[in-house]
Amino acid sequence: MSEAHGEPTPVIIVGGGPIGMAMGLLMGRFRIPAIVIERNATTTDHPKARGSFARTMEIFRIWGVETAIRARGLPDGADHWTVGRNVSDLHTTRFEIDPKQTPVWKSVVAQDAVEEELLKAVRGYATTQLKFSTECEGFAQDAGGVTVQCLDKQSGTRYSLRGAYLVACDGAGSRLRKIAGIAMTGIPSISYMANDYLRVDLSDVPLACA
């Protein structure tokens, strides 16, 4: 059986990815005490989901993190890719031209960099607590709020947190959504993707200029 842990918190956020970090940042901006729970020990170290569209960058600008996030991305004009069904079918796409309809254009920046910069910003708000290596095992709602069952993955200790609101930011395969009985609508899997991440020393490869 888990023990109660700490004072009740207005908002408990499960998931410390870009959405959870963004929610934690927003709570900090409005001075609403919140706790962000993330089952992993750190933010992601995989450069997946590369790119933030213009509207996202506009919001990042309001939050004061747009410059730092853009600096972590590729230069403008880098958004062109080689695509095809097989090697003989490969072709290169054209990069998207900035229509100058917004003060900030999109950025080809990876998720790991976005999460790291959002984390830095969240740590600037004393009202938002961060709990890494902490897994949400379930929750129970009543008339007064919600009780969240937590597992400290480092110590193996189980405890509960009490909050007024619980925000599920734990991804498309959300455990909290399933526990709450909220079904997804539409196509279950839009596509299947595989990411390969490797580090290679290319210092002895000559630079080729097109």
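The structure presented is a predicted model; accordingly, all values stated were derived computationally and were not measured.
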Requested in this report: Would you please test E58 and R55 for salt bridge (charged side-chain N to carboxylate O under 4.0 Å, His left out) and show each step?
Outcome: CA-CA 5 Å; E58 289 174 349; R55 181 54 186 153; 2.9 Å; yes

Query raised in the report: If you measure from OG on S52 to CD on E66, what distance do you get to the nearest 0.5 Å?
Result: 10.5 Å

Report summary line: Here the gap from D152 atom CG to E135 atom CD, rounded to the nearest 0.5 Å, amounts to 11.0 Å

**Report entry** Heavy-atom side-chain proximity of V11 to I32 below 4.5 angstrom
**Finding:** yes

Query raised in the report: Is there a path of hydrophobic side-chain contacts, each under 4.5 Å between heavy atoms of I, L, V, M, F, W or Y residues, that connects L161 with M27?
Result: no

Query - Heavy-atom check, side chain of T56 versus side chain of V114, under 4.5 Å - result: no

Query raised in the report: Does a side-chain N-to-carboxylate-O contact under 4.0 Å join K120 and E117?
Result: yes

Query raised in the report: Any chain of hydrophobic side-chain contacts (each under 4.5 Å) joining F139 to V167?
Result: no

Report task. Determine whether L119 and L130 make a side-chain contact, defined as any pair of heavy atoms from C-beta on separated by less than 4.5 Å. Result -> yes

Query raised in the report: Would you say the side-chain atoms of N40 and E38 include a donor-acceptor pair closer than 3.5 Å?
Result: yes

Query - Side chain R70, main chain W105, donor-acceptor under 3.5 Å - result: yes

Query raised in the report: Considering residues, nucleotides and ligands other than I62, do more than 12 of their heavy atoms fall under 6.0 Å from its CD1?
Result: yes

Query - Reported CE-to-OG1 distance for the pair M57 and T102, which is rounded to 0.5 angstrom - result: 10.0 Å

Query - Heavy-atom check, side chain of V36 versus side chain of Q129, under 4.5 Å - result: no

Requested in this report: Before accepting this row, confirm whether a basic side-chain N of the pair D142/R162 lies closer than 4.0 Å to the acidic partner's carboxylate O.
Outcome: yes

Query raised in the report: Taking C-beta and beyond as the side chain, do D112 and D45 meet within less than 4.5 Å on heavy atoms?
Result: no

Query raised in the report: Is there a chain of hydrophobic side chains (I, L, V, M, F, W, Y, each step under 4.5 Å between heavy atoms) that links I37 to Y165?
Result: no

**Report entry** Distance, nearest 0.5 Å, that separates CG of D79 from CD of E96
**Finding:** 6.5 Å

Query raised in the report: Is there side-chain contact between E137 and R175, with heavy atoms separated by less than 4.5 Å?
Result: yes

Query raised in the report: Do I19 and L166 belong together in a cluster built from hydrophobic side chains that touch within less than 4.5 Å?
Result: no

Query raised in the report: So, the side chain of T128 versus the backbone of G24: is there a donor-acceptor pair under 3.5 Å, distance only?
Result: yes

Report task. Flag the pair V108 / R50 as yes when at least one side-chain heavy-atom distance between them is below 4.5 Å, and no otherwise. Result -> yes

Requested in this report: Identify the two heavy atoms, one from L176 and one from C136, that lie closest to each other, and give their separation to 0.1 Å.
Outcome: CD1-SG, 3.7 Å

Query - K48 to T44 - nearest heavy-atom pair and separation - result: CE-OG1, 3.9 Å

Query raised in the report: Between P18 and L118, what is the shortest heavy-atom contact and its length?
Result: O-CD1, 3.7 Å

Query raised in the report: So if you build clusters from Ile, Leu, Val, Met, Phe, Trp, Tyr with side-chain heavy-atom gaps below 4.5 Å, do L25 and F132 land together?
Result: yes

Query - Nearest heavy atoms of I13 and C169, plus distance in Å - result: CG2-SG, 3.9 Å

Query - Side-chain heavy-atom pair R177, M184 within 4.5 angstrom cut-off - result: yes

